[in-house]
Amino acid sequence: MAADSVKIDEQKFEYLKLLSKTYKNIQEASTEIINLEAILNLPKGTEHFVSDIHGEYLAFSHILRNASGVIKNKIDHTFGGYVSPEERSTLATLIYYPEEKLDYIKKHESDMDSFYKKTLHRLITLLSVATVKYTRSYVRKQIPKEFSYIIEELLFGDTVAQAKGEYKDKIIQTIIETGVADDFIIKMCDLITRISVYRLHVLGDIFDRGPSADQVLDMLMDYHSIDIQWGNHDILWMGAACGNMPCIANVIRICTRYDNLHTLEIGYGISLRTLLTFALQAYADDPCEHFTPRVAAENTMSSTDYDALAKICKAIAIIQFKLEGQMIKSHPHYEMDSMRHLHNIDFDKKTVMIDGVEYEMNDCNFPTIDPADPYKLSSDEQAVMDQLQEEFLESKNLQTHVSFLFSKGSMYRKYNGNLLFHGCMPLNSNGSFMPIMTAEGPKKGKEWFDYAEQVVRRGYVASKHHNVNGNRDIDFFWYLWCGYKSPLFGKKKITTFERLFINDKETWKEEKNPYYRLMDNVGVVEDILEEFGLDRENGHIINGHMPVKAGSDPVHAAGRAFIIDGGFSKAYQKETGIAGYSLILNSLGFILASHEPFVSKEKAIVDEIDIHSTTVAKEGATKRLYNSDTDNGIEMRKQINDLKLLLYAYREGMIIQK
């Protein structure tokens, strides 16, 4: 850095003085520059994109453990020439489920010393392959402390004895003789799983339908590097956790509809006793046949259970429609009046007027609806909702998970030149950005996403101060769940009422935003990327939300956009024929994989049945991608420039070394 070319203004000089507290002299600053330059010249780490988990913890856990096939591919690539397919499958299963697989192997393996020796050698070899993209410093930070010295010696050691294999053999033999082989293998497997994926992107819809969203979130909270783009089902639960009553009613209706009270009652400790008592009284003689829960084939329920859940579902559905009617009326700029149906019911004729057409209703038993004021809650319904609101606000585990969603989540994310969001960019039919009328004026494009995120974050803060009922920011959670122009919903309206009360399936259809039709238009995709400040020619859009049927193409706009609905929900798999998609981005480009349905954890451990992932599309990078090509690389380059300025300041005597 030439002295005559350097100009350091007062603000930059103050920053350099602060930087000198971390890098106290020329040697420390130089060392950090060398370290950062080395990192920049390594291939970028692997990114893993998943979406629409919908509470299916076991299937999602497996996809996370096998990194959508990344680990199995590494095993096959590393050992394919000399290790049998059966042994490679055993090694893969061991890495996915180390504790359970070890227990199984010990019951069936006669020579455990031989198994330990062979397995430890293979794990070290595989770890060396998985760590080639990282500096030793980064790898050391990932290594479990209790075995850090041993793993580093096995991984990095380079003595003459080691070159003959004797040194490593003696370390491995000592591990076996001291009885810590099981613990060591478990830690090694966890390390390989961790190191194989640098960043996990979850593109929304963690909640609903499946039974264990709380377990999924516990797992995500422990993940080493993650970001989340909120889905409409996530925002629904977030709104419920903030005390929004329409959100609470929707959450409970969906949980009862999909026989998923376990998440509410066990996962989050939310009692439905008051609601159950009310439902059994109000609908005592009503079979509620159109509200029976959708139960997985392997589950069994008594007729009493069915009857109780159906009554709960109907009771909370009626409450939901009342609350939503109040919400829509108080927010006319939502433009959702077509969802207010209760005042259009002819209770004598048992019909309802929807969009100017009269339809016969399959059920018109509404003991709690006053035709003169159909959207008013009865006193009992109000008491139920007051109690439920308190339950949601006071659920410690739910509040912890929602806090995590706010800290790691957002409406969208720009990451390494790609745009990630859950649902859609609301578009007009000609591809222009659709304007949305808000309480603060019209918004469209990126401004609409930013505005929506600001409002819900503001609402979340207000909920912490118990400013809940009537708070317009908290109401906005419900709009994002099912609103006409919500980027998380992407449909003209949600047809819950029609599906429950009208047999004509034509009324069930939910018209999609033009975005989904225009995704194949490269120009439209490039306009969206440019709107968010991304490169028109090299960026990609990645979103979930819409289940993709087998045979349909999840790749759009000549490889510029991907829909990767994970398809984890068993409720969707009959329609889609597959268990969805996930996406991998490594230093060589994108790999899109489709998945077969997950059988069971037991089958995975005992029979070594993996989730079979088929590569359906690849997009190779024009050149291998390095850390210098990433967002982190841009930040590192700025750090290097600042450190070079610090070196100049030290050498010119402007700042004193320590």
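Not measured: the values here are computed from a predicted model.
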Of Asn250, Ile248, Leu323, which is the lone residue that meets side chain to side chain contact (heavy atoms under 4.5 Å, CB included) with Trp478? Asn250
Short side-chain to backbone donor-acceptor contact, Trp508 and Ile502, under 3.5 Å: yes
Below 4.0 angstrom, N of the basic side chain to O of the carboxylate: do Glu447 and Lys444 qualify? no
If a pair satisfies ring-ring contact (aromatic ring centres under 6.0 Å, His included) and one of its residues is in residues 210-232, list it, with sequence neighbours excluded. Trp230-Phe406
What I want to find out is whether Glu440 reaches Arg472 closely enough, with some N-O distance under 4.0 Å, to be called a salt bridge. no
Ion pair check, Glu381 and Lys376, cut-off under 4.0 Å: no
Check for me whether the distance between the ring centres of His62 and Tyr96 falls short of 6.0 Å. yes
Between Lys408 and Asp227, does any NZ, NE, NH1 or NH2 come within less than 4.0 Å of an OD or OE carboxylate oxygen? no
State plainly whether the residues Glu335 and Lys485 are in salt-bridge range, i.e. N to O under 4.0 Å. yes
Applying salt bridge (charged side-chain N to carboxylate O under 4.0 Å, His left out) to Asp214 and not counting sequence neighbours gives none
Which heavy atom of Leu393 sits nearest to which heavy atom of Cys242, and what is that distance? CD2-C, 3.7 Å
Establish, from distance only, whether the side-chain atoms of Asn344 and Tyr359 form a donor-acceptor pair under 3.5 Å. no
So that I can tick it off, tell me whether Lys314 and Asp363 are bridged by a salt bridge, with the cut-off set at under 4.0 angstrom between side-chain N and carboxylate O. yes
Does a side-chain N-to-carboxylate-O contact under 4.0 Å join Lys493 and Glu498? yes
Please examine the side chains of Lys322 and Thr368, heavy atoms only from C-beta on, and report whether any two atoms are closer than 4.5 Å. yes
Quick one: do the Ser68 and His48 side chains pair a donor with an acceptor below 3.5 Å? yes
For the residue pair Phe497 and His341, is the inter-centroid distance of their aromatic rings smaller than 6.0 Å? yes
Between Phe501 and Phe291, is the ring centre distance below 6.0 Å? yes
Would Phe49 and Phe562 count as a close aromatic pair, with their ring centres under 6.0 Å? no
So, Thr193 and Arg65: side-chain donor and acceptor under 3.5 Å apart, yes or no? no
Verify side chain to side chain donor-acceptor pair (under 3.5 Å) between Asp234 and His422, making sure each step is shown before the conclusion. CA-CA 10 Å; Asp234 305 320; His422 175 70; 6.0 Å; no
When rounded to the nearest 0.5 angstrom, what distance separates OG1 in Thr495 from NZ in Lys505? 12.5 Å
Using 30° and 60° as the class limits, which term best fits the ring planes of Tyr412 and Phe449: parallel, tilted or perpendicular? perpendicular
Please test Gln229 against His201 for side chain to side chain donor-acceptor pair (under 3.5 Å), starting from the C-alpha separation and ending with a verdict. CA-CA 8 Å; Gln229 290 69 59; His201 307 286; 5.2 Å; no
Output all residues satisfying side chain to side chain donor-acceptor pair (under 3.5 Å) with Ser271, sequence neighbours left out; order by chain, then residue number. none
Kindly state whether the ring of Phe60 and the ring of Tyr57 have centres lying under 6.0 angstrom apart. no
Evaluate the ring pair (Phe, Tyr, Trp, His ring centres under 6.0 Å) criterion for residues His401 and Trp237: first the C-alpha distance (whole Å), next the side-chain angles of each, then the deciding distance (0.1 Å), finally the verdict. CA-CA 10 Å; His401 285 166; Trp237 279 78; 9.8 Å; no
Any carboxylate oxygen within less than 4.0 angstrom of a Lys/Arg side-chain nitrogen, looking at Lys446 and Asp450? yes
